[in-house]
Amino acid sequence: YRSVDGGISWQQVHSGLKDTTQSFFDIAIDPINASILYVSTMDDGVFKSVNSGDEWFPINNGLGPKWIRAIAIDSLNPETIYAGAEQAGIWKSMNGGENWTLASNGMPAEATITSIVVSPTDSNIIFASDLSSGVYTSADGGETWYAVNAGLDVRAIHELAISGDGQHLYAATNGKGVFRIDLDGNIPSPYDDSNK
């Protein structure tokens with residue numbers, strides 16, 4: 001569904017998708033061209049729209065698994081997209097989803113990727129979460145990954161978020177709240193709302 005009035009009303013935008021009972025996990029919007037959207041589905045891979053969701057088409061060439069839980073766009077290079085699969089790791093496209101290759105070296109082969117974030121300041125730095133083995137990072141655009149779980153009480157991660165300056169990563173866990181890692185070694189500045 002799409003809203004053009006801040007959520008007051010909604011319109012179904014489903015043309016080209018399988019049916020209205022299809023399950024979707026994630027939506028990504030191109031940060032440069034808001035008409036370009038991607039959705040990840042439970043059984044049918046990734047779909048793309050180039051007209052704000054009016055029409056959708058599958059983009060699964062080379063994408064092995066079809067149960068895709070997470071999708072992320074590199075904001076510095078929106079043609080680069082990452083898809084996180086159910087028990088099949090991370091897949092990467094460098095041409096807007098036309099072709100995909102496996103990009104999860106260093107992760108368990110059966111990793112269920114629940115969330116992916118790309119640093120807003122460096123396209124080479126990516127973070128991903130697995131449903132059972134925690135948080136991973138890549139410093140080479142997804143070529144290799146290593147775990148960053150020091151301090152995590154639980155490894156079941158549902159969602160990741162990164163601050164706009166790329167210095168603070170947040171991980172939402174299953175039953176243990178939210179954890180933060182300060183990538184620059186400094187805690188975030190407190191929010192100042194004294195001007196309100």
Side-chain angles (χ1 to χ4, degrees), residues 25-34 36-38 40 46 68-94 96-97 100-195:
F25 283 107
D26 209 355
I27 299 174
I29 302 171
D30 186 308
I32 295 173
N33 182 351
I36 299 175
L37 310 148
Y38 302 87
S40 62
V46 178
I68 306 299
R69 284 183 168 262
I71 194 154
I73 299 173
D74 177 354
S75 63
L76 301 176
N77 180 12
E79 286 290 299
T80 301
I81 307 158
Y82 296 89
E86 173 83 10
Q87 297 184 332
I90 292 183
W91 297 73
K92 179 179 181 178
S93 173
M94 297 179 69
W100 297 90
T101 56
L102 183 62
S104 51
N105 184 32
M107 292 182 177
E110 69 283 358
T112 292
I113 306 302
T114 55
S115 185
I116 305 167
V117 293
V118 182
S119 169
T121 60
D122 186 342
S123 295
N124 289 312
I125 299 174
I126 309 155
F127 297 91
S129 58
D130 176 26
L131 194 55
S132 60
S133 64
V135 178
Y136 292 83
T137 188
S138 174
D140 55 14
E143 294 294 319
T144 55
W145 297 84
Y146 61 92
V148 285
N149 290 322
L152 279 176
D153 289 347
V154 64
R155 302 291 165 85
I157 309 297
H158 287 290
E159 188 71 37
L160 296 175
I162 195 165
S163 60
D165 61 4
Q167 296 304 316
H168 310 284
L169 181 72
Y170 298 85
T173 68
N174 183 19
K176 283 284 193 167
V178 177
F179 286 74
R180 182 188 76 226
I181 184 170
D182 301 313
L183 304 170
D184 62 357
N186 299 311
I187 63 171
S189 300
Y191 176 69
D192 180 8
D193 63 353
S194 60
N195 294 325

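The analysis underlying the following values was restricted to heavy atoms, covering all of them including side chains, and did not include hydrogens, waters or symmetry mates.
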Would you compute the distance between atom CD1 of Ile71 and atom CZ of Phe25 and round it to the nearest 0.5 angstrom?
13.0 Å
Any chance CD1 of Ile29 has more than 12 other-residue heavy atoms, nucleotides or ligands included, within less than 6.0 Å?
no
Please evaluate residues Phe127 and Ile181 with respect to the criterion side-chain contact (heavy atoms from CB on, under 4.5 Å), reporting the C-alpha separation (whole Å), side-chain torsions for both, the decisive distance (0.1 Å), and the verdict.
CA-CA 12 Å; Phe127 297 91; Ile181 184 170; 5.8 Å; no
Working for side-chain contact (heavy atoms from CB on, under 4.5 Å), residues Asp130 and Arg155:
CA-CA 8 Å; Asp130 176 26; Arg155 302 291 165 85; over 6 Å; no
Give me the atom names and distance for the closest heavy-atom approach of Ala72 to Ile116.
CB-O, 3.4 Å
Side-chain donor-acceptor pair present, Asp26, Ser40, cut-off under 3.5 Å
no
Kindly state each residue pair satisfying side chain to side chain donor-acceptor pair (under 3.5 Å) with at least one member in residues 142-154, sequence neighbours excluded.
Asp140-Thr144
Go through the steps to decide whether Phe179 and Val135 satisfy the test side-chain contact (heavy atoms from CB on, under 4.5 Å), and finish with yes or no.
CA-CA 11 Å; Phe179 286 74; Val135 178; over 6 Å; no
So how far is it from Leu152 CG to Thr173 OG1, rounded to the nearest 0.5 Å?
8.0 Å
Between Pro108 and Tyr136 the two heavy atoms that sit nearest each other are CD-OH, 3.2 Å
The criterion is side-chain contact (heavy atoms from CB on, under 4.5 Å); which residues satisfy it with Ala103, sequence neighbours excluded?
Lys92
Distance-minimising heavy-atom pair for Asp74 and Ser123:
OD2-OG, 2.7 Å
Just grab all the salt bridge (Lys or Arg N to Asp or Glu O under 4.0 Å) pairs involving residues 111-121, residues at least two apart or on different chains.
none
To the nearest 0.5 Å, how far apart are CG in Asn77 and CD1 in Ile73?
10.5 Å
Starting at CG of Asp30, measure out to OH of Tyr38 and round the result to the nearest 0.5 Å.
6.0 Å
Kindly give the heavy-atom pair with the smallest separation between Ser138 and Gly142, and that separation in Å.
OG-N, 2.8 Å
Going by salt bridge (Lys or Arg N to Asp or Glu O under 4.0 Å), name the pairs with one or both residues in residues 160-185, residues two or more places apart or in two chains.
Arg180-Asp182
Is it the case that the side chain of Thr114 and the backbone of Ile157 share a donor-acceptor pair, with hydrogens and angles ignored and the cut-off at 3.5 Å?
yes
For residues 83-91, which side-chain N or O atoms pair as donor and acceptor with protein atoms under 3.5 Å away, sequence neighbours left out?
unit_1 : atom_1 : unit_2 : atom_2 : d
Glu86  : OE1    : Arg69  : NE     : 2.4
Glu86  : OE1    : Arg69  : NH2    : 3.2
Trp91  : NE1    : Ala88  : O      : 3.1

Between Pro188 and Tyr170 the two heavy atoms that sit nearest each other are CG-OH, 3.7 Å
What pair of heavy atoms forms the shortest contact from Ile32 to Pro78, and how long is it?
CD1-CG, 3.5 Å
Once side-chain contact (heavy atoms from CB on, under 4.5 Å) is applied, do any residues pair with Thr121, and if so which ones, sequence neighbours excluded?
Ser119
OG (Ser129) and CD1 (Ile113) are apart, to the nearest 0.5 Å, by 7.0 Å
Please assess Ile81 against Trp100 for the test side-chain contact (heavy atoms from CB on, under 4.5 Å), listing each intermediate value before the final yes or no.
CA-CA 9 Å; Ile81 307 158; Trp100 297 90; 3.8 Å; yes
